[in-house]
K.L.:
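I'd like to ask some things about the structure below.
In what follows, chains carry the letters A, B, and so on, assigned in the order in which the sequence lines appear, proteins first and then strands, with residues in each chain numbered from 1.
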Amino acid sequence: KAGVTQTPRYLIKTRGQQVTLSCSPISGHRSVSWYQQTPGQGLQFLFEYFSETQRNKGNFPGRFSGRQFSNSRSEMNVSTLELGDSALYLCASSLASRGGYTFGSGTRLTVV
Amino acid sequence: GQNIDQPTEMTATEGAIVQINCTYQTSGFNGLFWYQQHAGEAPTFLSYNVLDGLEEKGRFSSFLSRSKGYSYLLLKELQMKDSASYLCAAMEYGNKLVFGAGTILRVKS
């Protein structure tokens, strides 16, 4: 079966712009989480959605937002981009905790 | 507060056994995950422990002690392809995974 699909794979944006990243979970998975990965901070939790509801949120500013659609696909949006937002953004989906979270290949965002 | 500690780097020889330790301190606890991440790739799920004890899965085993806030990942019969970063992650209530910084394992021939 298809894995977690994230688009686009690479993105270059200018400071001050906004960006939308997309994630399609594994079919049947209703939980979708987003993480930011940087060399200095490692993997940090952004937020988690289940059945179109945000269930949990990490310690990121309000410029980071997300949503989930009825087909479980999820998007995250970052407004007013800063240089420090350059990172690999990973999406993960899960059916149940014990099965683990399956990560997508990520979107590498570069802010210049 | 949240704190996940694991060694930064380890080196081991092909065919050997290596143990990667992880200590955690989180707000609520709902299980401990181990992931493997090769450079430039997404993390891949290795194991999940929620009860104390050892879980074995082929060449990989993972152990958890909830009372000590401690886990380890044991890799046997090391292969060159096992060279990667190994991430320890504790799940807090609310399905939030808190990751350690990762342990870079280098397997030498």
K.L.:
Looking at side-chain heavy atoms only, is the closest gap between A/Tyr101 and B/Pro43 below 4.5 Å?
P.N.:
no
K.L.:
What residues of residues 34-64 of chain A sit under 4.5 Å from chain B when only non-hydrogen atoms are counted?
P.N.:
A/Tyr35, A/Gln37, A/Leu43, A/Phe45, A/Glu48, A/Arg55, A/Asn56
K.L.:
Taking 4.5 Å as the heavy-atom cut-off, does anything in residues 103-112 of chain A contact chain B, and if so which residues?
P.N.:
A/Phe103, A/Gly104, A/Ser105
K.L.:
Under a 4.0 Å N-O cut-off, is there an ion pair linking B/Asp82 with B/Arg59?
P.N.:
yes
K.L.:
What closest approach, in Å, do A/Asp85 and A/Tyr89 show between heavy atoms, and which atom pair accounts for it?
P.N.:
O-OH, 2.6 Å
K.L.:
Looking only at heavy atoms, which two atoms of B/Ile17 and B/Lys76 are closest? And how far apart?
P.N.:
CG1-CA, 4.2 Å
K.L.:
Taking B/Gly102, B/Gly100, B/Ala42, B/Ala89 one by one, which has the highest count of heavy-atom pairs under 4.5 Å against chain A?
P.N.:
B/Ala42
K.L.:
When you measure from the side chain of B/Asn3 to the backbone N and O of B/Gln25, does any donor-acceptor pair fall under 3.5 Å?
P.N.:
no
K.L.:
Tell me, do B/Glu55 and B/Trp34 make a side-chain contact under 4.5 Å, heavy atoms counted?
P.N.:
no
K.L.:
Quick check: does any side chain N or O of B/Asp5 sit under 3.5 Å from a backbone N or O of B/Cys22, one acting as donor and the other as acceptor?
P.N.:
no
K.L.:
May I ask you to test the B/Leu105-B/Leu78 pair for a side-chain heavy-atom distance under 4.5 Å?
P.N.:
yes
K.L.:
Compare every heavy atom of A/Leu81 with every heavy atom of A/Lys13, then report the nearest pair and how far apart it is.
P.N.:
CB-CD1, 3.4 Å
K.L.:
Between B/Leu87 and chain A, which part of the residue has a heavy atom less than 4.5 Å away: side chain, backbone, both or neither?
P.N.:
side chain
K.L.:
What heavy-atom pair brings A/Pro8 and A/Leu11 nearest, and what distance separates the two atoms?
P.N.:
CG-CD1, 3.8 Å
